[in-house]
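The block underneath contains the structure these notes are about, expressed in structure tokens.
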Amino acid sequence: MKAQPKASHFIDGAYVEDTSGRVIEVVHPATGDIIARLHAATPELVIRAVLAAKAAQADWAALRPVERARILRRAHDLVRARNDEIARIESLDTGRALSETLYVDAVSVAEALEFYAGVIPAYNGEAIALGGAFAYTRREPLGVCVGIGAWNYPFQGAGWKSAPALAAGNAMVFKPSENSPLSALILAEIYKEAGLPDGLFNVVQGYGDVGQALVEHPATAKVSLTGSVPTGKKVLGLAGSLMKHGTMELGGKSPLIIFADAPLDNAVSGALMANFYSTGQVCTNGTRVFVERPIHDALVARVTERAAKIKIGDPLDPSVTMGPLISRAQQEKVLGYIEAGRQEGATLHFGGGVPVMQGMEGGFWIEPTIFTGVTDTMRIAREEIFGPVMSILAFDSEDEVIARANDTEFGLAAGVFTQDIARAHRVIGKLEAGMCWINNYNLAPVEVPFGGVKSSGVGRECALAALDHYTEIKSIYVETGDVVSVF
Ligand code: NAD
């Protein structure tokens with residue numbers, strides 16, 4: 001199985017290769033086979049990409065918003081037309097099952113393009129009456145924006161960052177994760193075919209040093225990073241030291257609170273989706289499942305019964321519902337947490353092992369895993385695992401569960417299942433999280449602002465909020481009378 005792209009990078013409207021850059025081996029997580037070999041961008045290529053973006057940006061920003069929107073709409077059509085191809089590349093690159101990638105990845109990028117093409121012509125400043133004078137504001141693009149992606153949703157990451165950035169009149173240089181570098185190149189092809197002028201969307205491959213070089217380049221104005229909290233702290237620190245804008249979409253350890261009155265099967269569906277979708281590699285996952293004591297045992301039984309039906313296997317088989325983890329390193333990390341959970345006294349209720357997959361023995365497999373008897377101080381309840389490991393914690397009262405849910409450095413997401421409408425809103429109102437759900441979990445439509453609080457991030461993606469983060473406000477005071485002067 002091979003998925004070698006035409007070249008490693010896409011700069012100024014064309015594929016570019018420079019084999020002197022450090023090798024990036026692209027591994028299919030289900031087999032461990034190398035499916036492509038790319039090269040990290042050299043410092044010269046980083047500069048070339050940034051300068052191409054800078055050269056193209058002013059003319060793009062000068063277009064009428066409807067003209068930019070027209071190109072994004074064509075890109076939308078092309079993304080939808082290439083849905084299955086994108087899904088296959090995504091499944092090869094990340095190991096996530098086709099049963100997800102066929103329906104989520106290209107679709108969410110198509111919707112972002114559709115959304116921003118639709119709203120950008122109406123995204124304007126305001127007019128402010130000031131008696132004899134008035135003022136107006138303009139929303140101006142920042143210039144060249146840097147996008148840096150995580151490995152779990154690489155196509156979505158590239159699309160969610162570039163669609164609002166481009167709509168607002170910016171150019172972008174995007175660096176995918178070194179673990180899943182392939183699909184951003186398809187997005188670059190699509191933008192080109194849609195008529196996006198050369199240089200406005202560039203893809204450069206590389207490790208952290210390439211991301212850092214992009215942020216450091218004097219011609220870049222902003223960085224939008226999706227990644228872990230430690231990386232986010234480094235990147236936002238660097239951007240801050242250069243007085244550049246930063247949007248940080250980082251990790252989490254989110255609470256999912258299930259009250260005793262919740263319809264059991266919906267709550268169980270929520271808990272399963274919040275822990276096992278994408279083999280647990282979703283930043284918003286509700287990995288601390290707080291269950292009100294009267295239904296604790298019933299919920300554990302039902303979750304286990306349904307988890308046992310998860311079909312682990314070849315991500316390219318459409319009937320499979322859970323693929324492998326992204327890499328050997330991630331598999332070892334997750335197994336380490338499972339061991340830590342055992343050692344610290346949690347009950348390994350389900351899974352916890354490495355399944356033997358015939359014909360795919362080299363893959364990074366892991367069983368869906370459920371711990372019960374988890375307490376708040378255990379590492380599995382405090383640290384982001386980023387694998388299919390659910391921790392179930394019992395609780396007795398509303399105030400208690402709110403305090404426990406908030407007792408974390410993270411604040412990405414939170415969920416509540418209850419039929420008591422007043423309690424649902426009361427509890428959500430007190431949870432320290434950016435992305436919240438009542439009676440569902442992990443849905444992220446583009447119309448809704450997406451992002452975290454506390455250590456989970458700064459800024460928002462999606463919705464009109466993302467446009468605010470890809471523009472500056474210019475305020476213009478207009479005098480219609482005489483100038484008052486004390487001189
Ligand atoms: P990571 O932090 O290891 O890497 C993220 C990206 O940052 C990669 O492209 C990497 O090459 C780059 N990078 C690393 N060091 C850098 C530096 N010094 N300067 C610039 N760039 C640098 O994260 P990951 O392992 O790829 O992804 C998993 C993490 O991402 C998890 O913590 C997960 O929760 C988080 N995540 C968050 C969201 C969100 O929207 N909040 C979405 C998906 C994943």
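Whatever order the structure lists them in is the order used to number ligands and atoms, beginning at 1.
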Under 3.5 Å donor-acceptor pairs involving side-chain atoms of residues 147-158, not counting sequence neighbours:
| unit_1 | atom_1 | unit_2 | atom_2 | d |
| --- | --- | --- | --- | --- |
| Asn152 | ND2 | Gln281 | O | 3.0 |
| Tyr153 | OH | Ser278 | OG | 2.6 |
| Gln156 | NE2 | Ser108 | OG | 3.0 |

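With no hydrogens or angles considered, a side-chain donor-acceptor pair links Ser8 and Glu17 at under 3.5 Å.
In this structure, Gly452 has no heavy atom closer than 4.0 Å to ligand 1. Between Tyr153 and ligand 1 there is no heavy-atom distance shorter than 4.0 Å.
Taking the ring axis of Phe395 as reference, the NZ or CZ atom of Arg404 does not stay both within 45° of it and closer than 6.0 Å to the ring centre.
Taking any N or O of Lys234, backbone or side chain, none lies under 3.5 Å from an N or O belonging to ligand 1. Of the polar atoms of Thr231, at least one N or O is found under 3.5 Å from an N or O of ligand 1, judged by distance alone. Between Glu461 and ligand 1, a contact under 3.5 Å exists for no N or O pair.
Using a 4.5 Å cut-off on side-chain heavy atoms (C-beta onward), Glu409 and Val229 make contact.
Ranking the protein heavy atoms by distance from atom 12 (C) of ligand 1 puts Ile148 CG2, 3.6 Å first. The nearest heavy-atom contact from the protein to atom 11 (O) of ligand 1 is Glu178 OE1, 2.7 Å. From the protein, the heavy atom lying nearest to atom 35 (C) of ligand 1 is Gly227 O, 3.1 Å. Leu250 O, 2.8 Å is the protein heavy atom nearest to atom 41 (N) of ligand 1. If you check which protein heavy atom lies closest to atom 24 (P) of ligand 1, you get Trp151 NE1, 3.3 Å. Taking atom 32 (O) of ligand 1 as the reference point, the nearest protein heavy-atom neighbour is Glu384 OE1, 2.6 Å.
Counted within 6.0 Å of CZ on Arg48, heavy atoms from surrounding residues, nucleotides or ligands total 12 or fewer; the atom is thus considered open.
Compare Gly149, Gly211, Gly208 by their heavy atoms: the one nearest to atom 6 (C) of ligand 1 is in Gly149. Checking Gly457, Ala213, Cys283 against atom 36 (N) of ligand 1, the nearest heavy atom belongs to Cys283. The closest non-hydrogen atom to atom 44 (C) of ligand 1, taken over Asn152, Asp209, Val235, comes from Asn152. Proximity annotation for atom 28 (C) of ligand 1: of Tyr207, Phe410, Phe386, Phe450, Phe386 comes nearest, heavy atoms only.
For residues 170-194, the set of pairs meeting the ring pair (Phe, Tyr, Trp, His ring centres under 6.0 Å) definition, not counting sequence neighbours, comprises Tyr191-Phe201.
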